Engineer: 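Structure provided below as structure tokens; questions to follow.
Along the sequence shown, the residues carry numbers beginning at 1. Just so it is clear, the structure is predicted and the values come from calculations on it, not from any experiment.
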Amino acid sequence: MAKRNLNQIETSCETIPRIYSGVSYNICLLRGKPSRLSLWIAPIPQLLFVDMALSGVLDTIALPYTIYTQTSDGDIKLK
């Protein structure tokens with residue numbers, strides 16, 4: 001689902017590292033074209049910064065597992 005979302009907004013990200021992937025996903029969202037939902041909800045960049053902070057905390061908790069999967073499987077390919 002994340003791959004499809006990033007391809008829909010035409011982001012320039014080609015891969016996402018597994019380590020801190022939640023934060024990397026949000027950065028890729030910021031690099032894409034604006035979403036149509038941003039007109040109806042709240043300004044999306046402000047929501048992304050809140051989500052980025054929460055993702056950073058959760059990514060830190062999952063860090064031992066993501067380090068293992070990063071070394072064994074590599075980056076998540078988007079394109």
Side-chain angles (χ1 to χ4, degrees):
M1 181 152 172
K3 181 190 283 190
R4 183 180 55 154
N5 290 343
L6 290 175
N7 286 331
Q8 281 180 337
I9 63 167
E10 299 173 8
T11 185
S12 61
C13 297
E14 294 184 11
T15 62
I16 292 180
R18 294 180 192 273
I19 299 173
Y20 287 98
S21 60
V23 175
S24 299
Y25 174 78
N26 286 326
I27 291 171
C28 286
L29 284 176
L30 286 172
R31 294 176 67 191
K33 69 179 183 180
S35 170
R36 290 183 191 177
L37 291 176
S38 65
L39 299 174
W40 299 106
I41 306 176
I44 295 297
Q46 287 83 355
L47 291 176
L48 285 177
F49 289 123
V50 170
D51 185 52
M52 195 178 301
L54 294 173
S55 294
V57 171
L58 293 175
D59 286 344
T60 301
I61 292 170
L63 196 58
Y65 175 73
T66 56
I67 288 174
Y68 169 75
T69 56
Q70 178 71 39
T71 56
S72 63
D73 298 335
D75 291 344
I76 301 168
K77 293 181 184 9
L78 299 176
K79 303 200 180 207

Engineer: When you group the ILVMFWY residues by side-chain heavy-atom contacts below 4.5 Å and let the links chain together, are Ile67 and Tyr25 in the same group?
Structural biologist: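 Looking at the clustering, Ile67 is in the same group as Tyr25.
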Engineer: What distance separates Leu54 CG from Phe49 CZ, expressed to the nearest 0.5 Å?
Structural biologist: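 Going from CG on Leu54 over to CZ on Phe49, the span is 14.0 Å.
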Engineer: Between NZ of Lys77 and SG of Cys13, what distance do you get to the nearest 0.5 Å?
Structural biologist: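 Result: 14.0 Å between the selected atoms.
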Engineer: Atom CG of Leu47 and atom CG of Leu29: how far apart are they, to the nearest 0.5 Å?
Structural biologist: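 Rounded to the nearest 0.5 Å, the CG-CG separation comes to 11.5 Å.
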Engineer: For the pair Ile27 and Val23, evaluate side-chain contact (heavy atoms from CB on, under 4.5 Å) and give the outcome as yes or no after the intermediate values.
Structural biologist: CA-CA 6 Å; Ile27 291 171; Val23 175; 4.1 Å; yes
Engineer: Tell me, do Asp75 and Gln70 make a side-chain contact under 4.5 Å, heavy atoms counted?
Structural biologist: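 Yes, at least one pair of side-chain atoms sits under 4.5 Å.
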Engineer: So, for Thr66 and Ile19, which heavy atoms are closest and what is the spacing to 0.1 Å?
Structural biologist: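 Closest approach of Thr66 to Ile19: O-CG1, 3.8 Å.
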Engineer: Any idea which heavy atoms bring Gly22 and Ser55 closest together, and the distance?
Structural biologist: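 So the two residues come closest at C-CB, 3.9 Å.
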Engineer: At what distance, to the nearest 0.5 angstrom, does CD1 of Ile16 lie from CD1 of Ile76?
Structural biologist: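 One gets 6.0 Å once the value is rounded to the nearest 0.5 Å.
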Engineer: Run the side chain to side chain donor-acceptor pair (under 3.5 Å) check on Arg31 and Thr11 step by step: do they pass?
Structural biologist: CA-CA 6 Å; Arg31 294 176 67 191; Thr11 185; 5.4 Å; no
Engineer: Measuring from Asn26:CG to Leu30:CG, what's the distance to the nearest 0.5 Å?
Structural biologist: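 Reported value, rounded in 0.5 Å steps: 7.0 Å.
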Engineer: With rounding to the nearest 0.5 Å, note down the distance linking CG in Asp59 to CZ in Arg18.
Structural biologist: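 Answer rounded to 0.5 Å: 13.0 Å.
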